[in-house]
Amino acid sequence: MKLFTLAEIKEIIQLVDQASLQYFELEQSGSRIILDKGQRTEQAQTGEKSAAASPVSAAKESVIKEEPDKATIFQITAPMAGTFYTAAEPGAEAFVKAGQEVAEGTVVCIVESMKLFTEVEAEVKGKIVEILVENEATVGYGQPLFTVKRI
């Protein structure tokens with residue numbers, strides 16, 4: 001049985017997301033990946049082992065209604081699996097909000113895993129179009145967290 005590499009899984013997730021599919025299933029050499037947006041979960045299964053990412057926010061923040069040009073859109077993804085935080089501490093103001101402009105290197109959130117807090121930075125200059133997960137949600141490695149329109 002051939003297992004999918006993390007790079008392959010990340011690429012599959014990005015392709016499915018770009019295609020706006022609600023459900024995707026791939027089985028290859030005894031390994032299986034299932035992406036199901038209809039039930040708000042993403043799941044990667046391989047034989048006896050399985051790993052699941054947590055729910056994607058049902059209430060997404062959005063500032064533009066028209067469909068932006070795909071070439072100008074960038075997604076900020078989770079650098080690791082963990083808990084997503086929009087602010088440095090409970091009750092504090094969020095690092096960023098939908099509609100806010102960010103520079104490359106701007107801290108947009110924190111992902112915590114095993115008491116290790118990792119600041120996630122914007123990789124491009126742009127405007128936050130959508131915040132794709134809710135505060136304190138569990139996220140998986142490579143899961144899209146923000147959609148940014150390059151400027």
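All values derive from a computational prediction rather than experimental measurement. Hydrogens, waters and symmetry mates are skipped; everything else that's a heavy atom, side chains included, is used. Start at 1 with the first residue, then count along the sequence.
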* To the nearest 0.5 Å, how far apart are CD in Gln75 and CD1 in Ile13? -> 10.5 Å
* To do: List the steps, then state whether side chain to side chain contact (heavy atoms under 4.5 Å, CB included) holds for Lys127 with Val102.
  => CA-CA 6 Å; Lys127 182 181 278 189; Val102 294; over 6 Å; no
* Kindly compute the distance separating CZ (Phe146) from CD (Gln100), expressed to the nearest 0.5 Å. => 10.0 Å
* Asked: If you measure from CE on Met114 to CE on Met80, what distance do you get to the nearest 0.5 Å?
  -> 10.5 Å
* Asked: Under the side-chain contact (heavy atoms from CB on, under 4.5 Å) test, which residues partner Thr86, sequence neighbours left out?
  -> Phe84, Ala94, Asn135
* To do: Mind checking the CD-CD spacing from Glu123 to Glu104? Nearest 0.5 Å is all I need.
  => 8.0 Å
* Asked: Given the rule in the side chain to side chain contact (heavy atoms under 4.5 Å, CB included) test, do Val133 and Leu145 qualify, once you have shown the distances and angles that lead to the verdict?
  -> CA-CA 6 Å; Val133 294; Leu145 305 174; 4.0 Å; yes
* Write down the atom of Val148, the atom of Gly126, and the distance for their closest heavy-atom approach. => CG1-CA, 3.8 Å
* Structure fact -> residues 107-119 vs side chain to side chain donor-acceptor pair (under 3.5 Å), sequence neighbours excluded, gives none
* To do: Give, for atom CD1 of Ile73 and atom NZ of Lys149, the distance between the pair rounded to the nearest 0.5 Å.
  => 6.5 Å
* Asked: Does the side chain of Phe95 come within less than 4.5 Å of Ile110's, by heavy atoms?
  -> yes
* At their closest point, which heavy atom of Ala87 faces which heavy atom of Ala92, and how far apart are they? -> CB-O, 3.5 Å
* Structure fact -> Looking only at heavy atoms, the pair that brings Val120 and Pro79 closest together is CG2-CD, 3.7 Å
* Structure fact -> Value for CD1 (Ile128) from CD1 (Ile76), rounded to nearest 0.5 Å, stands at 5.0 Å
* Would you please name every residue forming a salt bridge (charged side-chain N to carboxylate O under 4.0 Å, His left out) with Glu121, sequence neighbours left out? => none
* Structure fact -> Shortest non-hydrogen pair, Pro144 vs Thr77, comes out as CA-CG2, 4.0 Å
* Closest heavy-atom pair and its distance - Val139, Ala78 -> CG2-CB, 3.9 Å
